[in-house]
Amino acid sequence: MKPVKLGIFGLSRGISLLRNAILNKADVVALCDMNSKRLEDVKANSGLDTVATYTDFDSFIEHEGMEAVIICNFFHEHAKYAIKALEKNIHVLSECLSNVTMAEGVALVRAAEKSNAIYMLEENYLFTSFNREIKRICDGGTLGRILFAEGEYNHPFWPQESVLYKPYAYHWRNMIPATYYVTHSLAPLMLFTGATPKRVTAMPVYAEYGKKDGTNGIFHHDRAAAITTLNDDDSVFRFTGWAQFGGDGEHYRVCGTKGQIENVMGTDGKIMLRYNRWQKPDGMEDTNFYKPIIEDEDKEFLEQAGHDGGDFITIREFIGSIRENRRPIFDVYSATACASVAILAHRSQMGNGIPMDIPDFRLEDDKKKFENDNLSPFYGSDGSEPTVRCSSRPVDIDFDKIDNYQKTLDEITKEYGLIDILQ
Ligand SMILES: NC(=O)c1ccc[n+]([C@@H]2O[C@H](COP(=O)([O-])OP(=O)(O)OC[C@H]3O[C@@H](n4cnc5c(N)ncnc54)[C@H](O)[C@@H]3O)[C@@H](O)[C@H]2O)c1
């Protein structure tokens with residue numbers, strides 16, 4: 001079988017996905033980034049001598065014979081490019097979030113429904129080793145009926161990460177509402193349980209950043225959001241968006257009528273699996289604490305991949321769904337459901353936790369309701385201004401931090417050095 005001809009759009013996160021596309025034996029035919037130096041450096045370091053390079057998407061998407069694209073440009077601008085690819089029947093693997101306005105979500109679903117191509121969300125936390133184990137146990141049915149699940153994605157930026165990943169004051173990472181980076185915490189819960197959120201409420205976790213808190217706190221001071229959803233099977237999820245507590249890590253817990261499972265933070269991926277004494281399966285203890293060992297035909301590649309193998313498996317799943325012409329794990333409906341939770345949770349937290357109903361974009365009535373809802377908290381690359389605030393409560397923009405942004409980055413670099421993402 002011929003390898004899938006693949007293009008990659010956006011070469012920061014895209015570098016890691018490029019490595020994993022190569023490990024997955026995709027034929028990477030084109031790369032696109034408006035930063036031409038980065039583009040040429042990536043090409044030079046990739047070992048792909050013949051790969052074509054583009055600085056603008058409209059030329060890139062016309063690349064002869066390209067069958068699939070990975071979209072990993074700015075967080076708040078994925079949807080319009082995904083739609084252009086789908087209109088050309090080019091398969092799309094899109095970084096998270098799929099869309100940052102409700103109207104984009106509607107347009108994306110409409111484009112996917114018309115297209116012959118596959119749309120999949122690039123959500124790698126679905127496939128870390130501990131999450132694969134949680135999924136295996138949930139599928140086995142020994143937990144009973146699933147009632148409740150929790151998810152936490154906690155990533156306080158260390159100083160060098162700010163230099164790399166928030167390179168200027170108006171970068172999306174400085175203005176992203178705390179509820180928007182939600183897929184790392186929510187998507188695994190949806191995959192474990194099969195449930196989809198129907199109603200959301202959210203509370204902000206607010207603590208003001210000081211002047212010395214590096215690049216944090218320009219547009220808002222929300223350290224996290226505590227989000228709760230009621231789901232279509234009457235289960236309840238409680239999760240964060242992108243949290244910035246002290247001590248980083250991810251945590252997931254699934255509770256059923258007979259037992260519960262979680263990964264324990266700070267134990268290098270160990271699992272705690274507990275049952276009611278009278279309902280434990282044969283061969284298990286009431287309390288089981290272990291490091292999962294999961295067999296995989298691509299074990300050697302998983303060990304080389306980022307995010308505990310998740311980056312490799314996401315691309316393997318994408319290529320597999322193209323080859324087998326099947327629905328991928330995390331298709332356009334699951335992706336836009338996550339995005340609706342992110343967007344409407346922010347509206348909930350701005351309104352002191354008011355409940356918001358999550359639409360089902362399979363339904364025309366729900367599409368109609370949101371097709372013109374263009375509220376966005378981001379400054380766009382085209383110079384457009386935000387139309388809703390990014391903060392849970394009204395705050396003054398810190399223009400002093402904006403004016404001194406480059407100076408702050410220089411000070412951080414002087415003190416901590418710099419990481420080279422192209423290595
Ligand atoms: N799943 C994960 O673990 C993970 C990790 C990091 C980032 N991400 C996601 O990846 C996406 C990108 O984030 P990032 O960390 O790479 O930082 P980023 O958003 O700052 O970088 C995006 C890259 O895309 C390029 N780009 C943006 N718009 C472009 C355009 N119109 N034409 C050509 N090039 C363009 C930029 O020059 C830059 O190189 C985000 O959605 C982020 O959420 C996911």
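Numbers for residues simply follow the sequence, beginning at 1. Counting starts at 1 for both ligands and their atoms, in listed order. Keep in mind that the numbers below use all heavy atoms, side chains included, and drop hydrogens, waters and symmetry copies.
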Residue-ligand contact [X]/ligand 1, heavy atom below 4.0 Å:
X      : value
Glu123 : no
Phe57  : no
Glu77  : no

Could you tell me whether [X] and ligand 1 have an N or O pair separated by under 3.5 Å?
X      : result
Met34  : yes
Asn35  : no
Asp33  : yes
Tyr165 : no
Cys96  : yes

Checklist line | Close side-chain approach of Phe148 and Arg238, heavy atoms under 4.5 Å | finding: yes
Item checked: Nearest-option assignment for atom 13 (O) of ligand 1, heavy atoms, candidates Phe74, Trp172, Phe75 ->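 Minimum heavy-atom distance to atom 13 (O) of ligand 1 goes to Trp172.
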Note to self: Restricting to non-hydrogen atoms, name the atom on Ile71 and the atom on Ala82 that form the minimum distance, rounded to 0.1 Å.
What the structure shows: CD1-N, 4.0 Å
Check: Are Phe60 and His63 close enough that their ring centres sit under 6.0 Å apart?
Finding: no
Note to self: Ring centroids only, cut at 6.0 angstrom: are Phe378 and Phe219 within range, meaning strictly under it?
What the structure shows: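 They do not qualify: ring centres at least 6.0 Å apart.
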Next item on the list: Name the orientation class of the two ring planes belonging to Trp172 and Phe75 (parallel below 30°, tilted from 30 to 60°, perpendicular beyond 60°).
Entry: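 Plane angle under 30°, so parallel.
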Note to self: What I want to find out is whether Asp33 reaches Lys43 closely enough, with some N-O distance under 4.0 Å, to be called a salt bridge.
What the structure shows: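 Looking at Asp33 and Lys43, the cut-off is not met.
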Notebook entry, point to check: Tyr209 ring centre to Arg223 NZ or CZ under 6.0 Å, with the angle to the axis within 45°?
Noted result: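 Yes, Arg223 and Tyr209 form such a contact.
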